[in-house]
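Both backbone and side-chain heavy atoms feed into the values below; hydrogens, waters and symmetry mates do not. Owing to the predicted nature of the structure, the values given are computational and were not obtained by experimental measurement. Ligands are counted one by one from 1 in listed order, and the atoms in each one are counted from 1 as well.
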Amino acid sequence: MTEGKSFFIDTTKCTACRGCQMACKQWNQRATEKTVNRGSHQNPPDLSFNTWKLVRFSEIPGDKVAWYFFPDQCRHCLTPPCKEVADGKAKGAIAQDEKTGAVVFNPKVKMKPGDYKEIREACPYDIPRYLPGTGIMAKCTMCFDRIKEGMSPACVKTCPTGAMSFGDREEMLKKANKRLGEVQGIYKEAMLANPEDVRVIYLLADDPKKYHKFAVAENTIGISRKMALKRLFQPLRTLNPWVG
Ligand code: SF4
Ligand code: SF4
């Protein structure tokens, strides 16, 4: 499925204000987490069952210290490896909406810890999380309940700098490529992260590893080819099973 919706996240405009992280929690009614000062702007330290969007922060030392901001979330892969694995474990645990392309975990389908481990390992971006003792997995839903009503995801709506955009995939790809052309004069290493494979297209100004270990998938092409042969579409059964 190459149509549907997509995000464009321009990290050159991100100020790490964490508005998107907070808006995600608020809209999706995710519990807060106790945080401690670990000497980093990144807090909590990682994605979790209750934190679906996390603004990652890294500081690269040198003559001139450089800061890298990366608003991390599920990429809503065009051919999601998590779904391929889940389909072999528990049908309906992960669904992909035919119209938008949103990939949504169903909290009503419980997974065994070993199956969850395989699903997380299949994700090229290390996104799925699990609440031990419950069998429930969680991650970004693309704010499916909002986008179905024609609204943008809560994180996009909140972003004050214009770093986040959401819309028809073709339009987002055009916007991403146009902006890439604009910034390449300043940032020689600028690139789009796996734009042909994902619905969350990041514009990075530098080496992806400086942003996050999983900013770019190393094996996405191989996975996509394999997945293309097996891909199954399955309609979503609920608007947003996480809320209400
Ligand atoms: S980023 Fe990971 S969790 Fe999200 S759709 Fe792709 S494989 Fe699944
Ligand atoms: S709301 Fe926008 S500027 Fe703030 S951290 Fe998120 S993407 Fe960056």
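- Judged by distance alone, the side chains of Ser48 and Asn50 never bring a donor and an acceptor atom under 3.5 Å apart.
- Against a heavy-atom cut-off of under 4.0 Å, Val55 is close to the following atoms of ligand 2: 5 (S).
- Within a 6.0 Å radius of NZ in Lys25, more than 12 heavy atoms belonging to other residues, nucleotides or ligands are found.
- A search for salt bridge (Lys or Arg N to Asp or Glu O under 4.0 Å) contacts involving Lys117 returns Glu121, not counting sequence neighbours.
- Using a 4.0 Å cut-off between a side-chain N of Lys or Arg and a carboxylate O of Asp or Glu, Arg56 and Asp46 qualify as a salt bridge.
- Ionic pairing of Lys175 and Glu171 is not present here: no N-O contact between side-chain nitrogen and carboxylate oxygen is shorter than 4.0 angstrom.
- The only member of Arg75, Met137, His76 that meets side-chain contact (heavy atoms from CB on, under 4.5 Å) when paired with Ile127 is Arg75.
- Within the protein, the number of N/O/S atoms found under 2.8 Å from atom 4 (Fe) of ligand 1 is 1.
- For atom 2 (Fe) of ligand 2, protein N/O/S neighbours under 2.8 Å (waters excluded) are Cys159 SG.
- Counted by atom type alone, Tyr125 and Asp72 present zero donor-acceptor pairs between their side chains at under 3.5 Å.
- Taking every heavy atom of Pro81 and a limit of under 4.0 angstrom, the matching atoms of ligand 1 come to 7 (S).
- Heavy atoms of Arg18 found under 4.0 angstrom from ligand 2 belong exclusively to the backbone.
- Atom NZ of Lys213 is surrounded by 12 or fewer heavy atoms from other residues, nucleotides or ligands within 6.0 Å.
- At a cut-off of 3.5 Å, with distance as the only test, a side-chain donor of Asp206 or Tyr68 sits close to an acceptor on the other residue.
- For an aromatic pair to be called close, the ring centres must be under 6.0 Å apart, and Tyr202 with Phe70 satisfies this.
- Taking the salt bridge (Lys or Arg N to Asp or Glu O under 4.0 Å) definition, one finds that Asp126 meets it with Arg120, Arg129, sequence neighbours left out.
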